[in-house]
Amino acid sequence: MATVHAVEGLFADTPNGPRLLGSRCATCSAPYFPKSPVCHNPECTESKIEDAEFGPTGKLWGFTFQVFPPPPPAKYDEPFKPYPMGFIDLDDGLRVLGQVSIEDLTKVAVDMPVEMVIEPLFHDEDGNEVVTWKFKPS
Amino acid sequence: MATVHAVEGLFADTPNGPRLLGSRCATCSAPYFPKSPVCHNPECTESKIEDAEFGPTGKLWGFTFQVFPPPPPAKYDEPFKPYPMGFIDLDDGLRVLGQVSIEDLTKVAVDMPVEMVIEPLFHDEDGNEVVTWKFKPS
Amino acid sequence: MREVAAVGFGMHPWGKFEDKSVTELCRHAVEASLQDAGVQWRDVEAVAAASSRFSGGKGWGLNGNDVVEDMGSTGVPVYNLSAGCSAGANAFNIGYTLVASGAHDMVMVVGGEKMPKGFIQTSGVEEHTDPEFLRQRCIGMPGPAFWAVLCRRRMHEHGTTEEQMAKVAVKARKNGALNPNARYRKETNVEEVLKSALVVYPLHLFEICAVSDGAAAVVLCSAEKAKQLTTKPVWVGGSAVATARFDDGITRGIGGMVPPGITHHSEAKAAVAKAMSQAGVGPKDLSLVELQDNTVYYELAFPEEWGLCEPGQAEWLLEHDETTPTGKLPINPSGGFISFGEATTAQGLFQICELGWQLRGEAGARQVPNAKVGMSQTIGLGGNATAVVLKN
Amino acid sequence: MREVAAVGFGMHPWGKFEDKSVTELCRHAVEASLQDAGVQWRDVEAVAAASSRFSGGKGWGLNGNDVVEDMGSTGVPVYNLSAGCSAGANAFNIGYTLVASGAHDMVMVVGGEKMPKGFIQTSGVEEHTDPEFLRQRCIGMPGPAFWAVLCRRRMHEHGTTEEQMAKVAVKARKNGALNPNARYRKETNVEEVLKSALVVYPLHLFEICAVSDGAAAVVLCSAEKAKQLTTKPVWVGGSAVATARFDDGITRGIGGMVPPGITHHSEAKAAVAKAMSQAGVGPKDLSLVELQDNTVYYELAFPEEWGLCEPGQAEWLLEHDETTPTGKLPINPSGGFISFGEATTAQGLFQICELGWQLRGEAGARQVPNAKVGMSQTIGLGGNATAVVLKN
Ligand SMILES: [Zn+2]
Ligand SMILES: [Zn+2]
């Protein structure tokens with residue numbers, strides 16, 4: 001029984017704390033998550049992609065609640081428990097999707113400051129704890 | 001262990017002998033096999049579809065040999081035995097595809113007169129003999 | 001570019017039709033459009049069809065070829081267009097271009113779809129390079145969540161209430177009740193809408209379109225042909241296709257840039273602006289708008305994103321009945337997706353049929369009085385969007 | 001209709017590329033075509049793409065949208081065309097029409113495909129209304145059998161020998177050996193061809209095209225733009241799309257009518273006739289032809305079906321080396337499908353690139369001397385066909 005990532009290579013608990021692993025174009029500073037081999041910004045004059053970490057702080061731009069069990073390929077632990085999720089605008093210029101990690105669902109609010117965390121998403125067939133990136137109020 | 005048709009409703013052993021079950025437009029006499037609910041002839045002024053039987057006699061317009069086991073959804077009995085097949089121009093105006101039922105493969109010839117037969121194609125999981133339409137030299 | 005007229009509109013009603021093939025639905029629509037135009041199948045010189053993922057097309061999206069084989073193989077050129085939910089109007093744009101260019105004098109545009117049950121999955125492939133997979137596996141976020149997030153943001157920015165959103169559905173269903181081609185023909189009320197299942201907060205079942213089966217067809221022709229056929233042709237003022245811009249605020253995968261200001265649905269905005277510009281009309285000239293209301297949210301957001309009203313004014317227009325067929329800015333007099341449900345690739349064409357019938361004054365109890373200019377719009381997977389302006 | 005020039009040709013070599021995505025293949029082709037044209041991605045005003053069944057397109061055939069997202073989302077209109085193996089040139093026809101109509105001044109046409117292994121199955125659905133299923137289940141007849149039956153009939157009518165058919169493959173591979181973009185670049189000989197596995201009598205492995213990965217792109221623009229870019233534009237003389245006629249002798253399901261005379265490949269014949277007529281050229285004017293040789297049979301049958309030679313004369317032309325690049329009727333100087341293999345939806349565009357390079361005199365060791373007019377042709381599932389005539 002280990003802790004495994006929902007998908008490998010998307011995030012890490014770095015010495016500085018949890019971060020999303022993406023890339024950024026050195027020419028036009030466009031952020032990419034997941035990593036992109038080339039810059040897709042049509043205004044960019046030269047694609048210069050470098051590895052970049054994103055997070056941990058930002059604001060919740062908008063949100064919703066998943067009130068029914070999501071269809072596959074989503075996975076969740078039984079019994080299903082509703083969760084909030086939304087678009088998070090990170091301070092470093094990345095808009096990213098993610099779940100909001102919060103106990104009291106009535107406290108979720110637009111423009112709420114949040115901070116990235118790595119938390120359990122579900123347990124797989126082998127009993128492993130599968131973790132992903134989420135955002136908690138900061 | 002019974003005799004079953006490869007697909008129901010496509011052919012029958014009628015009182016007159018084996019026939020293909022299709023339809024024909026009474027207006028333009030276009031033949032259809034399998035049955036068609038409407039006439040698809042763009043020159044036809046009014047679709048008048050009637051049931052029609054086709055066969056049994058015609059000529060082998062062109063042929064080939066299936067020398068390898070055909071991929072699914074085709075089915076065949078092991079061990080696989082190569083068979084001839086082709087386009088048959090029936091005297092009643094239907095060009096139909098079918099296997100040629102013949103022992104000596106060197107005797108298959110273009111424009112050879114043929115006659116429709118209902119013969120085994122393969123045996124299914126339940127041991128049923130699955131039959132289909134074929135054409136033998138006449 | 002030559003003038004192009006729309007002279008035939010045909011539709012198979014939307015609904016669930018277990019016993020009919022998509023070919024039969026299309027045949028119904030195509031025959032109705034031919035009859036409406038007063039022409040024969042043999043007069044059609046080319047076919048532009050919406051390419052379906054769900055039904056027909058020999059598993060290769062060859063839906064126009066299915067129609068041609070069924071109606072009679074005359075040898076005409078066939079164009080099958082894929083653009084997600086924008087496919088119908090994307091095909092319309094090709095039909096329009098084929099006539100406008102002089103390549104053909106009469107073109108059939110058709111879209112038909114039989115939908116599988118349940119949520120629309122976009123690819124189903126369990127692949128770590130597929131953003132769709134990542135979103136669902138890593139975040140547990142199915143497609144409709146996007147609408148909900150945008151909707152919740154709107155509530156924050158403009159104080160939109162859940163009652164107001166429900167009223168959009170009530171208005172839609174009121175129109176749908178008057179449309180014989182709509183699937184849901186029973187009126188509803190705010191209480192019933194808000195009591196329907198919460199699908200994804202803040203959106204309820206009655207505020208999101210269902211999946212339906214349906215087909216629609218439009219006959220386009222040159223001005224010369226049109227004048228032989230009718231004294232009252234409907235003209236294609238504009239037909240535009242656009243895709244989302246890089247700086248669009250709705251990230252397509254799981255991450256993108258924080259956009260510079262509000263840049264949502266940049267593809268729809270661009271298509272609408274271009275179609276209106278082609279037609280030489282402005283927001284004030286629109287007698288009616290058929291917009292893609294997969295959810296009630298769009299009916300509030302789109303008009304202001306396109307400059308048809310001020311930001312935050314959509315709720316006011318709704319509350320004051322100005323978006324009803326007799327209001328200042330009639331939206332979805334057909335009943336919209338909310339009343340029809342979605343037969344993905346056919347949607348753009350049911351909208352265009354509605355524009356045609358409204359402009360001819362043939363829309364019966366849901367008629368927009370004195371309709372002169374109508375606009376329709378779709379938005380689809382892949383960042384595709386279309387807009388069409390028809391006028392008398 | 002305005003004059004349309006083809007000013008950029010780009011290709012990713014054909015082959016098997018396990019480590020590359022279809023997006024990478026397309027990017028290579030698109031960037032090469034832009035560089036060839038001397039323009040930027042930002043100059044492209046619209047994209048017409050072949051819609052794939054096998055790779056990319058978000059599972060919805062949105063292959064043009066993939067290209068746009070990858071190259072940079074400028075908001076351009078995207079058209080994704082499905083037409084089986086004719087998709088690439090079908091998309092070319094739309095690109096041509098968009099420029100000819102005046103709707104756009106510069107359009108990118110692109111097709112890319114990564115093929116699954118083995119025979120191409122058309123639908124895979126076990127459904128009793130699917131003619132494909134019936135043919136395979138009731139007759140045990142897979143797709144390539146059609147070619148074999150036609151080929152055997154030709155042997156009967158014209159006395160075509162197995163050696164002659166092998167010679168077509170030998171000629172194709174000789175050309176392919178000179179083409180850096182071809183997959184098979186080793187010459188072969190009659191003995192080797194006839195010793196290769198008998199796939200479906202009378203056709204051997206070397207006489208049927210393999211499945212490949214590949215991508216190709218063409219930049220089309222108005223005459224005005226072309227004159228700014230080059231002193232030697234290649235012109236689109238004709239671009240045609242057609243579908244099979246009802247009386248076509250190749251039954252699409254398991255049964256059809258006995259045709260009135262020889263009416264095979266009516267779709268290809270119609271497209272070719274129309275493209276030549278548009279271009280104002282006849283058979284004698286063609287410097288080269290790139291035709292769809294899924295099997296060697298087509299190279300013998302098509303020229304006479306189109307009136308490029310007399311019935312039964314194709315074998316004579318072959319035996320007298322008249323179909324080589326230096327002959328009277330050069331066929332497939334690229335090496336054809338036999339040397340490239342088939343990346344279904346991209347095929348039409350590799351042919352058009354070959355026409356472009358030949359007309360510019362840039363085809364190296366396989367150059368057709370003094371090439372002035374070139375024609376390409378495809379045929380695809382659903383009874384689709386295309387033809388393109390380029391000229392200097
Ligand atoms: Zn950049
Ligand atoms: Zn008839």
Side-chain angles (χ1 to χ4, degrees), chain C residues 1-2 21 46-47 51 53 57-66 68-69 72-84 87 90 93-94 97-98 100-103 121-125 129-130 132 240-248 252 266-267 270-271 380-384 386, chain D residues 1 21 46-47 51 53 57-66 68-69 72-84 87 90 93-94 97-98 100-103 121-125 129-130 132 240-248 252 266-267 270-271 274 380-384 386:
Chain C
M1 307 267 278
R2 305 192 296 177
S21 68
V47 171
S51 185
R53 183 185 172 221
K58 305 168 205 306
W60 280 61
L62 306 176
N63 296 74
N65 297 93
D66 284 352
V68 168
E69 283 176 30
S73 294
T74 51
V76 293
V78 171
Y79 303 92
N80 299 294
L81 278 305
S82 294
N90 194 286
N93 180 260
I94 289 300
T97 306
L98 290 169
S101 68
Q121 295 301 321
T122 43
S123 94
V125 184
T129 55
D130 178 12
E132 187 76 20
V241 171
T243 51
R245 293 180 52 89
F246 181 73
D247 62 4
D248 195 291
R252 278 181 248 176
S266 53
E267 63 272 48
L381 186 71
N384 288 295
T386 69
Chain D
M1 308 266 279
S21 69
V47 171
S51 186
R53 183 183 172 223
K58 306 171 206 305
W60 280 62
L62 306 177
N63 296 73
N65 297 94
D66 284 352
V68 168
E69 283 177 29
S73 294
T74 51
V76 292
V78 172
Y79 303 91
N80 300 294
L81 278 305
S82 294
N90 195 287
N93 180 260
I94 289 302
T97 306
L98 290 169
S101 68
Q121 296 301 320
T122 43
S123 92
V125 184
T129 56
D130 178 12
E132 187 77 20
V241 171
T243 52
R245 293 180 53 88
F246 182 72
D247 62 3
D248 195 291
R252 280 182 246 176
S266 54
E267 63 272 49
K274 188 169 174 196
L381 187 72
N384 288 293
T386 68

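Every value quoted in this text rests on a predicted model; they were computed, and no experiment measured them. Numbered from 1 within each chain, the chains take letters A, B, ... in sequence-line order.
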Flag, side chain of C:Thr243 to backbone of D:Val76, donor-acceptor distance under 3.5 Å: yes
Most heavy-atom pairs under 4.5 angstrom with chain C, which of D:Arg245, D:Glu267, D:Lys274? D:Arg245
Heavy-atom closest pair, residues D:Ala244 and C:Ser73: O-CB, 3.3 Å
Just give me the residue among D:Ala83, D:Ser51, D:Ala87, D:Ala242 that pairs up with chain C most often, heavy atom to heavy atom, under 4.5 Å. D:Ala242
Would you check if the side chain of C:Asn90 reaches a backbone N or O of D:Pro77 as a donor-acceptor pair within less than 3.5 Å? no
For C:Arg252, which atoms come within 4.5 Å of any heavy atom of chain D: side chain, backbone, both, or neither? side chain
Quick check for you: among C:Val68, C:Asp247, C:Leu98, C:Asn93, which has the greatest number of heavy-atom pairs under 4.5 Å with chain D? C:Asn93
Interface moiety of D:Thr97 toward chain C, non-hydrogen atoms closer than 4.5 Å: both
Name the option with the most non-hydrogen atom pairs under 4.5 Å to chain C; the candidates are D:Ile94, D:Val47, D:Thr74. D:Ile94
Please tell me if the side chains of D:Asn80 and C:Leu81 come closer than 4.5 Å, counting only heavy atoms from C-beta onward. no
Heavy-atom closest pair (C:Ser82 atom, D:Ser82 atom, distance to 0.1 Å) is OG-OG, 4.1 Å
Examine whether an atom of D:Ala100 lies under 4.5 Å from a heavy atom of chain C, and if so say whether it belongs to the side chain, the backbone or both; otherwise answer neither. neither
Relative to chain C, which segment of D:Asp66 carries a heavy atom at a distance below 4.5 Å: side chain, backbone, both, or neither? neither
Counting heavy-atom pairs under 4.5 Å to chain C, which of D:Thr386, D:Asn384, D:Thr129 comes out on top? D:Asn384
